[in-house]
Amino acid sequence: MRAGIGYDVHPLVEKRKLILGGVEIPFEKGLKGHSDADVLMHAVCDALLGAAGLGDIGMHFPDTDPKYKDVSSIQLFIETFQMVQEKGFSVLNIDTIIFAEAPKLSPYRSAMQQNISSAIDLEPDRINIKATTTEGLGMIGKGEGIGAMCVAMIE
C-alpha cells in the first residue's frame with residue numbers, strides 16, 4: 001500500500017468559470033490557470049502521481065503545452081489514473097479538502113464525488129470531499145483564491 005499527497009491553489013479572477021471536481025459552480029469569479037484550473041482535480045492528480053512515484057502534474061501536463069490550454073481537469077485525472085494503472089496499481093481511496101471562503105460548496109459535493117467516481121469507475125464511498133474556510137486568513141481567506149489538498153491510497 002502506498003500513499004500520496006497533493007496540493008494546489010489558484011487565484012480567483014474575473015471572466016472565468018469556477019470549476020471544482022468537474023462541476024461548474026455559479027460564482028462571480030473563476031480560477032486562473034492554463035487548463036480549467038480545477039484545483040481539486042489537480043490536487044487529486046498530484047496525490048495519485050506521488051503515490052505511484054510518477055512525479056507531479058506539471059511534469060505530465062505542463063502549462064507550456066498548448067494542447068492543455070483550457071482542457072478539462074477531469075481529462076487530466078483520467079490520464080493520470082491510466083498512468084497509475086499502467087504501473088500496476090489500483091486506487092483504494094481519495095480523500096480531499098477544498099479551502100475557500102466563498103462560495104459555499106456543500107451543495108456541489110455529491111456531484112463532484114460522482115464525477116470522480118464515474119471518471120475512473122471507483123465506488124463513490126471511496127471518495128471523500130470536504131470543504132472549509134480559512135477563517136478570513138491569508139489569500140484564500142481574503143477571497144483571492146481557492147486551494148485544495150488530497151491524500152490518495154493505492155495498492
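Positions are given from 1 along the sequence. Remember, predicted model here, so these are calculated numbers, not experimental data.
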Practice task
Answer with yes or no whether the hydrophobic clustering places F77 together with I154; edges join I, L, V, M, F, W, Y residues whose side-chain heavy atoms lie under 4.5 Å apart.
Solution key: yes

Practice task
Over all heavy atoms of both residues, which pair between I94 and C150 is shortest? Give the atoms and the distance, please.
Solution key: CG2-SG, 3.7 Å

Practice task
Without swapping roles, check the side chain of D38 against the backbone of G21 for a donor-acceptor pair under 3.5 Å.
Solution key: yes

Exercise for the section: For residues V9 and M139, determine if any side-chain heavy atom of one lies less than 4.5 Å from a side-chain heavy atom of the other. Expected result: yes

Problem - Sub-4.5 Å side-chain heavy-atom contact between M83 and H60 - result: yes

Fill in the blank from the handout: For V91 and R126 the tightest heavy-atom approach is O-NH1, 3.7 Å

Handout entry: Nearest atoms (heavy-atom pairs only) where A52 meets V84
Key = CB-CG2, 4.1 Å

Handout entry: Least distance between heavy atoms, E24 atom then P26 atom
Key = O-CD, 3.8 Å

Handout entry: Reported OG1-to-CD1 distance for the pair T132 and I98, which is rounded to 0.5 angstrom
Key = 11.0 Å

Handout entry: Rounded distance (nearest 0.5 Å) linking atom NZ of K29 with atom NZ of K15
Key = 13.0 Å

Problem - Single-linkage hydrophobic cluster, 4.5 Å side-chain cutoff, Y108 and L18 together - result: yes

Exercise for the section: Indicate, with yes or no, if L122 and I74 share a hydrophobic cluster defined by side-chain heavy-atom contacts under 4.5 Å among Ile, Leu, Val, Met, Phe, Trp and Tyr. Expected result: yes

Exercise for the section: Using side chain to side chain contact (heavy atoms under 4.5 Å, CB included) as the criterion, point out the one residue from I146, L12, L20 that pairs with F27. Expected result: L12

Exercise for the section: Give the cluster check for I127 versus V44: same hydrophobic cluster or not, with ILVMFWY residues linked at side-chain heavy-atom distances below 4.5 Å. Expected result: yes

Practice task
Any chance you could lay out the side-chain hydrogen bond (donor to acceptor under 3.5 Å, both in side chains) test for Q75 and E79, step after step, and finish with the verdict?
Solution key: CA-CA 6 Å; Q75 183 58 44; E79 292 180 36; 3.2 Å; yes

Practice task
Using side-chain hydrogen bond (donor to acceptor under 3.5 Å, both in side chains) as the criterion, point out the one residue from D36, D8, T80 that pairs with S73.
Solution key: D36

Completion exercise
Closest heavy-atom pair, G4 versus A51, reported as atoms and distance to 0.1 Å, is N-CB, 3.5 Å

Completion exercise
Distance col, row R16:CZ vs H10:NE2, nearest 0.5 angstrom, shows 9.0 Å

Fill in the blank from the handout: Correct closest heavy-atom pair for P62 and H34 would be O-CD2, 4.3 Å

Practice task
Using the rule that two of Ile, Leu, Val, Met, Phe, Trp, Tyr join whenever any of their side-chain heavy atoms come within less than 4.5 Å, decide whether V151 and L48 are in one cluster.
Solution key: no

Exercise for the section: Would you confirm whether D56, through its side chain, and D46, through its main-chain N or O, come within 3.5 Å as a donor-acceptor pair? Expected result: no

Problem - Other residues, nucleotides, ligands: >12 heavy atoms within 6.0 Å of K87 NZ - result: yes

Exercise for the section: Answer yes or no: is there a donor N or O on one side and an acceptor on the other, between the side chain of Q113 and the main chain of P124, under 3.5 Å? Expected result: yes

Fill in the blank from the handout: The reported gap from CE in M149 to CD1 in I97 (rounded to nearest 0.5 angstrom) is 8.5 Å

Practice task
Please check if the side chain of E101 supplies one atom and the backbone of E135 the other of a donor-acceptor pair under 3.5 Å.
Solution key: yes

Exercise for the section: Output the distance between atom CG (D95) and atom CD1 (I129), rounded to the nearest 0.5 Å. Expected result: 9.5 Å

Practice task
Find out whether F99 and T133 are in side-chain contact, i.e. whether some heavy atom of one side chain is under 4.5 Å from a heavy atom of the other.
Solution key: no

Practice task
May I ask you to decide if N128's main-chain N or O and T96's side chain share a donor-acceptor pair within less than 3.5 Å?
Solution key: yes

Problem - Neighbour count above 12 (heavy atom, 6.0 Å) for D125 CG - result: yes

Fill in the blank from the handout: Here the gap from K69 atom NZ to S35 atom OG, rounded to the nearest 0.5 Å, amounts to 9.0 Å

